[in-house]
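What you are looking at is a predicted structure, and each value in this text was computed from that prediction instead of being measured. In listed order, ligands and their atoms are each counted from 1.
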Amino acid sequence: MGITTLEQFAREHESSFSGNCEDLIGLLSAMQLGGKVVHQEVNKAGLMQHILGAVGSQNVQGEEQQKLDVRANDVFIEVIERQGIICGVGSEELDDHVNLTSCKNGEYVLLMDPLDGSSNIDVNVSIGTIFSVFKRKSPIGTDAVLEDFLQPGTEQVLAGYILYGSSTMLVYTVGNGVHGFTYDPGLGEFCLSHQNMKFPANGGKIYSINEGNIGQCDDSVKRFVQYCQEDNKEDGRPLTARYIGSLVADFHRNLIKGGLYIYPGTKKAPNGKLRLMYECNPLALMAEQAGGKALDGYQRILELEPNDLHQRVPFFVGSNQLTDLATSFLSNEITA
Ligand code: AHG
Ligand code: MN
Ligand code: MN
């Protein structure tokens, strides 16, 4: 028996890191610290008026910024800067990437969605943080440049999320399995609770999509959702619909129980809503490492060549079986 902290676990598995393990373990420590700060604030959000509500400004994508979006962004940048290995940060809440001028010798850049599920902050529902790390392309000792960030997801050396749910968890991958750590507030440590997470072998029965948008979706997506809802005892339909509206929480549930999350393109937003660099790439790496798939409908998310920090892509992520099933409806559309 015994408790294994995240740092102990990472040190015992140093050979699984594809980059400088000392640096990346240090970065995981910084992300843990940021996660603890956000955890504390989220847990008393209803008592702290400076945490709830909107700031009154919009981010570069035209979305209303919540106070906790801005606060989480600042907290993670502060802890990362102090840690020293990240030379630049791209964030959903920043117009452009920022250079951490005191960390020019850092070998890595970080992309993040500091607070995922903003619409759930004020109603006490699970929210999260998502992060992704690349090795820089520009010379060490200089400022980070856009090309350091615009790399395909296959180049990620570390990806993960923190889920502020019924408990707080940090889940990460360095390309060698997905491992989950539950925060013990008494110890102040993230402790190993979910080693080598995998989608259930049968692929599961959950589909997650904002059905309010279905009238805006392509016919193939409508047909897939109808298919999920039909009765068929032989193949176990209908499936079960679950949608929290916080991607991290929907992804985490579907990883554990088996399911598929879809945010397709719509008539109003042909590329969907979710951001390739802050949301889709890191979760795609985690999905694949957990034996699942992540596609934009047709192509592997991880192989997409990014052209913009804030680029959006349609997102189909989940177990192999359900991702293949959903995207087979799209393929039918193309060949029809
Ligand atoms: P964010 O709060 O970082 O802007 O992300 C919100 C995202 C994602 O978490 C969620 O799955 C999706 O938006 C929900 O969008 P809809 O409300 O359009 O369903
Ligand atoms: Mn988000
Ligand atoms: Mn966000």
Taking 2.8 Å as the cut-off, does an N/O/S atom of [X] lie below it from the Mn ion (ligand 3)?
X	value
Glu93	no
Leu115	yes
Asp116	no

Which of the atoms of ligand 1 are close to [X], meaning less than 4.0 Å from one of its heavy atoms?
X	value
Glu92	1 (P), 3 (O), 4 (O)
Leu247	8 (C), 9 (O), 10 (C), 11 (O)
Ser118	2 (O)
Glu279	3 (O), 5 (O)
Asp113	3 (O)
Gly245	9 (O), 10 (C), 11 (O), 14 (C)
Gly117	1 (P), 2 (O), 3 (O), 5 (O), 9 (O)
Arg275	1 (P), 3 (O), 4 (O), 5 (O)

**OP:** Indicate the ring-plane relationship of Phe181 and Tyr172, choosing parallel, tilted or perpendicular according to the 30° and 60° boundaries.
**Re:**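 Parallel.
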[X] and [Y]: aromatic ring centres closer than 6.0 Å?
X	Y	answer
Phe251	Tyr261	no
Phe134	Tyr108	no
Tyr164	His39	no

Original post:
Tyr207 ring centre to Arg242 NZ or CZ under 6.0 Å, with the angle to the axis within 45°?
Top reply: no
**OP:** Take the Mn ion (ligand 2) as the vertex and measure to OD2 of Asp113 and OE2 of Glu279; round to 10°.
**Re:**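 Nearest ten degrees: 100°.
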**OP:** For residues Cys87 and Asp143, determine if any side-chain heavy atom of one lies less than 4.5 Å from a side-chain heavy atom of the other.
**Re:** no
**OP:** Answer yes or no: is there a side-chain heavy-atom contact under 4.5 Å between Asp148 and Lys135?
**Re:**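 Not in contact.
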Original post:
Which one of Glu92, Met112, Arg312 satisfies the side chain to side chain contact (heavy atoms under 4.5 Å, CB included) criterion with Glu279?
Top reply: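 When Glu92, Met112, Arg312 are each tested with Glu279, the side chain to side chain contact (heavy atoms under 4.5 Å, CB included) holds only for Glu92.
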For [atom], find the nearest protein heavy atom and state the residue, atom name and distance (0.1 Å precision).
atom	answer
atom 7 (C) of ligand 1	Leu274 CD2, 3.8 Å
atom 13 (O) of ligand 1	Lys273 NZ, 3.0 Å
atom 14 (C) of ligand 1	Tyr243 OH, 3.3 Å

**OP:** Output yes when the distance from some N or O of ligand 1 to some N or O of Tyr261 is under 3.5 Å, and no in every other case.
**Re:**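 Yes - when backbone and side-chain N and O of Tyr261 are compared with those of ligand 1, one distance drops under 3.5 Å.
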**OP:** Would you check whether Tyr263 has a nitrogen or oxygen atom less than 3.5 angstrom from a nitrogen or oxygen atom of ligand 1?
**Re:**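 For ligand 1, there is an N or O atom that lies under 3.5 Å from one belonging to Tyr263.
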Heavy-atom distances under 4.0 Å are what count here, so tell me which part of [X] touches ligand 1: side chain, backbone, both or neither.
X	value
Asn210	side chain
Phe251	neither
Asp116	both

**OP:** Please lay out, stage by stage, how Phe190 and Tyr183 fare under the test ring-ring contact (aromatic ring centres under 6.0 Å, His included).
**Re:** CA-CA 4 Å; Phe190 285 89; Tyr183 182 55; 5.0 Å; yes
**OP:** Report yes or no: does His310 contribute a side-chain atom to a donor-acceptor pair with the main-chain N or O of Leu94 at less than 3.5 Å?
**Re:**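 Yes, because the side chain of His310 sits within donor-acceptor range (under 3.5 Å) of the backbone of Leu94.
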Original post:
Would a distance-only check, ignoring hydrogens and angles, find a side-chain to backbone donor-acceptor pair under 3.5 Å from Thr142 to Ser138?
Top reply: no
Original post:
Any chance the side chains of Ser208 and Arg253 put a donor and an acceptor closer than 3.5 Å?
Top reply: yes
Original post:
Is the Mn ion (ligand 2) less than 2.8 Å from an N/O/S atom of Glu92, whether that atom is in the backbone or a side chain?
Top reply: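 Here the distance criterion (N, O or S atom, under 2.8 Å) is not met by Glu92, so no.
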Original post:
Should Tyr278 be listed as contacting ligand 1, given a heavy-atom distance under 4.0 Å as the test?
Top reply: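 Per 4.0 Å heavy-atom rule, Tyr278 does not contact ligand 1.
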**OP:** Using non-hydrogen atoms of the residue, decide whether Leu115 is closer than 4.0 angstrom to ligand 1.
**Re:**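 In this structure, Leu115 qualifies as a contact of ligand 1 - some heavy atom is under 4.0 Å.
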Subject >> Minimum-distance pair of heavy atoms, taken over all atoms of Ser16 and Asn176 >> reply: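 For Ser16 and Asn176, the tightest heavy-atom pair comes out as CB-ND2, 3.0 Å.
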